[in-house]
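A quick write-up on the structure given underneath.
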Amino acid sequence: MTRELVGTSLKMNFTATEARAYFQALVPLVADIDDRDLFVLPPFTALWVAREELAGTAIAWGAQDVHESISGAHTGDISAPMLVDLGCRFVEVGHSERHRDHGEGDRQIARKVATGVHCGLEVIVCVGERVAMPTSTARAVVLRHLGAILGAIRPDELARVVVAYEPYWAIGAGASVASGEHVSAIHLAVRDYLVRLGCAAPRVIYGGSVDFDTCRELLAQPGVDGLFVGRAALDPVEFARIAHARVRPLDLEADAQSGGLLSSTTPSPSVR
Ligand code: PGA
C-alpha cells in the first residue's frame, strides 16, 4: 500500500529566519509520526535552513518550482541540481499561482517534470480545472492536462511523480474545499491513467482549502493518497494536527477522549 503523503507549500511566506522558527516549532509536534511521509516546501531562500533544521527528522523538504534547464543563462532561476544539492527530496511544478503569475502552461510544466525526475527529485505535479464544473467535465479536463504533462515520462520515472489534484477554484482565501465525491472521482481517474502509463504505485494527493475540519473526510475518500495543505499549514500547530489526523474510528475516539491531539500551549512563530 502507498504511504500517505501530507505536506505543505509555504508559498511566498516566511523569511529564512521565520522559517527556522517554523521548523523548530513543527519538528517536535510531528516527531511521533512514522506511518506517513511529511514534507514542507519553503521558499528557495529558506531551503538551506530546511536542510539544517529538518535533516534527520521525519519531514522531507523541497522547492516550489524549478527551471526546465539543468544550467545556463537563465537569470534569477533555480535548477534541479541546485535543489538536489540542498537535500531536496521534492519539487512542486505547475501550481495554479505559477500559471496566474508567470503564465506557465502544460508544455513548460512537462519539461520541468522531465528535468526534475531526471535529476532524481520527486516531482509534485499540480493539475486541476480552472473553474468549477461538473465532475465528469472536470475529469476530462484534468486527464487532458495530465496527458500533455506526463505523456512522455518513462514508467520507471513515473515512480518519482506525485500528482496533486488542485482545482484552481478551491485554492486560496475565500475559496472552499472541493466535495469528497468530486475529489474521489477525479483521483480514481488519475490513478487509472497513471497505471495505464505503467506507474506501479500511483500517488495522488489533494490540495485546495484543506484544514483540520476537512482533512479526515478528504483522507477517507477512495483514491486519496494524501493532502497538500496551503494556508492552514502556515500555523505549525494546525499543520501538525492535520498530519496526525486519521480516519480510522478508533483514532477518532482516542482523539476525542484526549481532548485533541496537541496542547494549545505549543509555541508558534508569527504567521501570516
Ligand atoms: P490553500 O492552498 O490551502 O491555501 O487553499 C492550497 C494550495 O495552493 O495548494
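Predicted, not measured: the structure shown is a model, and the values here were computed from it. Both ligands and their constituent atoms are indexed starting at 1 by order of listing.
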**Prompt:** What residue and atom, counting heavy atoms only, is the protein's closest point to atom 2 (O) of ligand 1, and at what distance?
**Reply:** K11 NZ, 3.3 Å

**Asked** Is it true that R160 and E122 have a side-chain N and a carboxylate O under 4.0 angstrom from each other?
**Response** no

**Side chains of D32 and H244, donor plus acceptor under 3.5 Å** = yes

**Item:** Proximity of F228 and F39 rings by center, below 6.0 Å
**Value:** yes

**Prompt:** What closest approach, in Å, do P202 and L194 show between heavy atoms, and which atom pair accounts for it?
**Reply:** CB-CD1, 3.7 Å

**For atom 7 (C) of ligand 1, the option (of E166, E97, Q64, E92) bearing the nearest heavy atom** = E166

**Prompt:** Will you find, in the side chains of H182 and E129, an N or O donor that is under 3.5 Å from an N or O acceptor?
**Reply:** yes

**Request:** Look at atom 4 (O) of ligand 1 and say which protein heavy atom is nearest, naming residue and atom and giving the distance to 0.1 Å.
**Result:** R231 NE, 2.6 Å

**Item:** Test of proximity, G172 against ligand 1: N or O pairs below 3.5 Å
**Value:** yes

**Prompt:** What residue and heavy atom of the protein are closest to atom 3 (O) of ligand 1, and at what distance?
**Reply:** G230 N, 3.1 Å

**Prompt:** Of all the heavy atoms in A175, does at least one lie under 4.0 Å from an atom in ligand 1?
**Reply:** no

**Request:** Can you sort out which atoms of ligand 1 are near S209, meaning under 4.0 Å from one of its heavy atoms?
**Result:** 1 (P), 3 (O), 5 (O)

**Message:** Can you confirm whether the side chains of S96 and R130 place a donor and an acceptor under 3.5 Å from each other?
**Reply:** no

**Asked** For ligand 1, which atoms, with element, lie under 4.0 Å from some heavy atom of H95?
**Response** 7 (C), 8 (O), 9 (O)

